[in-house]
Amino acid sequence: MIIPLEHVLLFSLILFAIGMVGVLTRRNAIGILISIELLLNAVNVNLVCFSRVSEDPMAGQMFAFFVIALAAAAAAVGLAIVVAIYRTRNTVQTDEIQLLKW
Amino acid sequence: MDQMFVNIKAALVGLSDKVFPDWVGVLVSIAVSIVAIALLGPLIMMYLTLIERKVVARMQNRIGPNRVGKYGLLQPLADGVKMLIKEDIVPRNADKVLHLLAPILIVAPALLVFAVLPFGRNMTAVDLNVGILFFAAISSIGTIGIFMAAWGSNNKFSVLGGMRSVAQMISYEIPMVMSVVPVLLAVGSLSTNAIVEAQADWHWFVFTPWGFLGCVIFFLCGVAECNRSPFDLAEAESEIIAGFHTEYSGMKFALFYMAEFMSAFTISGMTTTLFLGGWQGPLLPSWLWFFLKTYGLIFIMLWFRATLPRLRVDQLMALAWKFLLPLSLVNIVATCIWHFLSDEAFFTPAAFLVPLALLVFSYWGLMKLNQPYMPEKRVYPLVD
Amino acid sequence: MPQLEFLIKCGVYGLMGLGIIAAVGAVLLPNLFHAGLALAFVLVTIAGIFMSVGAEFLGMVQILLYVGGVMTLIIYTIMLTGRLGAKDVRAQNRQGIFAAIAAGFFVCWIGPLILKTGAWPQRESDSAPPLLSVEDLGMSLMTEYVFPFEVLGVLLFAVLIGAIVIARQDRPS
Amino acid sequence: MFEKMRVKTKVIDSGKSGLDTQTLEVNVGPQHPSTHGVFRMTIVLDGEVVKSLRPVMGYLHRNHEQIAENITYSASMPYTDRLDYFNSMSNNQAWAMTVEQLAEVEIPDRAEYIRVIMSELTRLVNHVSVIGFLLNDMGAFFTPTLFAFREREKVLDVFEAVSGSRMMCNYLRFGGVNRDLTDDQLGQIKKIVADFPAFLDEFETLLAQNEIVCMRCQNVGVLPAELAINASITGPMLRASGVNYDIRKVDQYSVYDRFEFKIPLGEKGDVYDRYYVRMLEMRESLKILNQALEQIEPGPFMAPKVPACLKNPRNFKPPVGEAYGRVEAPKGELGFYVVSDGSKEPWRYHVRAPSFINLTVLEAMCIGYKLADAIVILGSIDIVLGEVDR
């Protein structure tokens with residue numbers, strides 16, 4: 001590691017906190033998805049940096065790899081749902097989509 | 001001759017080593033590469049515009065630019081000056097930040113890709129061991145730049161162009177990457193240098209059935225990726241004026257132009273590297289071979305431009321998803337068969353014929369499945 | 001060469017700083033389009049950090065999948081769901097303060113913990129070539145991690161179909 | 001090439017399926033590269049599909065008819081050049097025929113032959129350029145246009161030689177033509193006519209069978225014969241829809257009854273038919289030209305026995321009455337309706353402009369096709385804004 005590990009951890013912690021704020025405060029469903037991507041990335045940073053210093057370097061990178069793939073999947077389905085909601089409800093503001101059935 | 005540029009760079013680094021501490025040498029080495037590429041990119045772009053105008057003019061019974069300098073050789077400079085002193089117009093309701101950033105974000109990736117192109121023996125700026133992945137990743141960033149330009153201009157034609165362009169780039173990226181996979185399977189490395197090395201002694205991949213098909217698919221997708229005719233829907237001037245760069249003028253517009261021409265060059269260069277043996281070739285210096293092959297491919301692009309009308313958006317999508325993508329997937333299988341049959345030799349009849357049969361069969365099958373559009377035979381009665 | 005190392009360190013810290021600024025933008029910018037682009041920037045900086053710790057392959061996959069794929073998808077959705085020329089509506093709900101408190105608490109709680117734990121493993125050979133080549137990654141994907149890999153493949157396939165089914169418009173029968 | 005390209009358009013009824021689709025209204029023109037001048041279309045798009053299209057005309061309105069009603073008859077001749085500036089010769093012919101009908105002038109044979117030769121040359125020029133522009137609209141970057149223009153220039157050279165002007169010829173006069181054709185000029189025309197088939201073959205092999213062209217043209221912008229007749233469409237557009245109507249055959253005006261030629265008819269009335277019918281019409285025009293060049297004989301080129309009223313063109317006062325003269329211009333039926341009250345100026349003057357009337361079916365042809373198709377369909381109508389707006 002070229003910089004101390006704790007600095008990377010702090011970085012990802014801050015990133016995670018920012019993402020958390022986003023998830024909690026965004027009204028727009030896409031905004032929430034954007035924040036979720038931030039959370040996933042914060043975790044990924046940790047995984048990769050730990051893999052750099054750990055005894056089994058493979059595990060961390062593999063996990064990060066799977067997380068990226070899953071994030072892509074989540075985004076695809078999530079955005080498809082957003083588009084579907086927009087088509088039927090004509091809005092993507094989460095606080096306007098309160099009904100569980102329409 | 002062959003190592004001319006490599007030697008020049010070594011001399012420069014050696015010079016700095018004498019004067020400065022050794023860590024400066026590393027920086028100098030990096031700086032030399034960066035400067036070389038930063039100069040090469042625009043230079044290639046400038047003269048590509050001239051080449052395009054000359055070649056297309058010849059195909060259209062014209063002469064092309066011939067007023068500025070001998071054979072119009074200074075025309076690109078004149079154009080550059082013109083672009084620089086033109087007024088920079090930003091529409092009133094445009095998103096100013098995006099409008100400003102978009103051209104930069106489009107040019108930067110186009111220039112970055114130069115870093116992994118092997119221009120000649122030992123002439124790769126950065127020999128990344130994930131070179132091909134770098135190429136694919138970086139060229140996908142351009143999509144966002146186009147989005148920004150389209151959205152930031154606040155123009156309906158721009159949005160239409162942006163939508164078209166992004167749909168097109170996403171669609172064509174997939175068969176493009178898939179058509180590279182056979183090469184990676186055959187070489188076993190993502191490094192561009194290793195790929196070229198593997199094609200020594202005329203073992204160019206284009207001579208194998210899968211290589212030929214891969215080359216065609218990659219090149220076609222590349223033409224689509226850099227929005228060139230017949231896939232230039234994103235900037236179809238007869239339909240949506242200039243697509244995503246309708247609202248750009250002056251130097252910003254020149255940057256879009258630059259990105260387009262530089263990616264035309266990098267796509268041709270990548271096709272050369274992946275399938276046409278890169279800088280491998282007899283007699284001539286390696287870098288000359290690279291440029292010869294690349295410009296050959298660019299000539300084909302210009303030829304397309306001067307000849308073919310544009311596809312429509314649904315036909316474009318159909319081509320990518322229903323034809324190129326399945327074919328490139330079959331191509332991967334064909335490569336595996338070739339790999340196991342060929343037994344380390346480049347050419348064995350079995351290894352040549354079995355994949356060929358597979359590919360021809362699947363080509364035929366796909367044509368059948370897609371019910372390709374055959375020009376209707378029409379009868380035109382002549383009456384009194 | 002310590003000077004070079006210093007430069008690289010500066011670069012990495014710079015990337016982190018830019019990443020955090022961009023992340024704040026991604027969360028707070030009222031215009032979703034801008035937020036999406038800020039996220040794209042965060043993703044690129046993270047890819048840079050991956051590269052700096054020797055995970056070149058992951059860095060590239062990050063750019064290819066995230067920036068090229070996911071981000072394009074997100075921006076496309078923004079364009080599909082946002083009306084052209086529509087007035088900006090309020091982007092944030094009223095939980096801003098509570099969210100900030102929660103996040104602040106989270107950082108203040110875990111941050112010191114990280115710093116206090118002095119004994120994080122540090123690898124010495126910084127200039128050593130990347131620990132894992134693409135080949136290693138590929139081999140382990142096909143051996144040790146083949147099961148998750150295949151499951152992931154099935155999942156992605158399901159997602160592909162699911163996304164199409166959800167987003168496609170209803171056809172009147 | 002890869003999919004039957006008929007666009008399956010499904011009208012999305014937002015009430016039924018609950019979907020909200022946002023339409024996009026774009027202004028194509030008047031400053032747009034492919035509206036053939038200053039034409040404007042307001043197109044409502046659903047995605048890329050045209051939902052409605054409203055043509056907006058009048059950006060080039062020059063008050064042509066009012067001007068003609070305030071100047072002498074012969075002074076209108078150069079103004080007619082500017083109607084359809086690609087075909088000044090046939091415009092001249094239509095106007096000359098109208099006034100000759102009004103004043104009952106007999107025209108000598110040689111003048112009639114010269115008129116036929118000129119208007120058939122005009123047809124070649126017009127068709128060859130419209131096909132070039134059509135392919136340009138499709139995105140074939142200027143190559144067909146410039147191929148076409150190479151031939152067009154040769155014809156324009158002839159026009160320049162005989163009339164002194166390449167485009168605004170002002171060559172015809174009431175009772176004949178302005179100047180006689182010399183043998184040199186006839187030779188020049190003969191050479192063009194002899195060379196033209198080779199060019200047409202080349203032009204056809206360049207793109208007629210090209211898969212992309214066929215994909216973009218065939219079954220796009222279909223104009224049913226019924227609609228074409230009801231909308232009073234004329235010219236190649238009507239014939240592409242399979243209706244046999246050509247004024248050269250119907251009226252047999254001038255000396256067209258002396259030539260052997262056929263009328264090509266289209267099958268479906270789509271863009272491809274409109275394109276191909278024009279190709280075939282050029283071949284027929286060449287037949288007419290060949291015969292005309294063979295049959296033309298020396299003689300007077302102006303009516304020898306001019307009625308008294310024509311002696312001094314500035315003071316030309318036709319008898320009271322009305323006349324409608326029409327020719328088969330390259331774009332369709334070009335007619336001039338004129339009412340004379342016996343004074344120096346026409347009392348009423350009206351132009352039946354084929355471009356304008358052919359343009360009226362644009363929306364009907366475009367709805368349900370894509371934006372890119374709308375441009376090609378517009379190109380296949382063959383309009384010249386000078387004539388549309390007048």
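Here is the naming used below: chain letters follow the sequence lines, and residue numbers restart at 1 for every chain.
Between Lys262(D) and Asp246(D) there is no salt bridge, since no side-chain N of the basic residue sits under 4.0 Å from a carboxylate O of the acidic one.
In this structure, Arg228(B) satisfies the cation-pi test against Phe261(B), with its NZ or CZ atom closer than 6.0 Å to the six-membered ring centre and inside 45 degrees of the ring normal.
There is a side-chain donor-acceptor pair under 3.5 Å between Arg40(D) and Tyr59(D).
Among Leu233(B), Thr307(B), Leu160(B), the residue with the largest count of heavy-atom pairs under 4.5 Å with chain D is Leu160(B). If you tally non-hydrogen atom pairs under 4.5 Å between each of Glu48(D), Glu284(D), Lys249(D), Arg239(D) and chain B, the highest count goes to Glu48(D).
Proximity to chain B (any heavy atom under 4.5 Å) is shown, for Asp273(D), by both the backbone and the side chain. Residue Gln31(D) touches chain B through its backbone alone, counting heavy-atom pairs closer than 4.5 Å. Looking at Tyr272(D), both its backbone and its side chain come within 4.5 Å of chain B, counting heavy atoms on both sides. Contact annotation for Ile263(D): both backbone and side-chain heavy atoms come within less than 4.5 Å of a heavy atom of chain B.
Residues Tyr256(D) and Ile247(D) fail the side-chain proximity criterion, which asks for heavy atoms closer than 4.5 Å.
For Phe256(B) and Phe244(B), the gap between ring centers is short of 6.0 Å.
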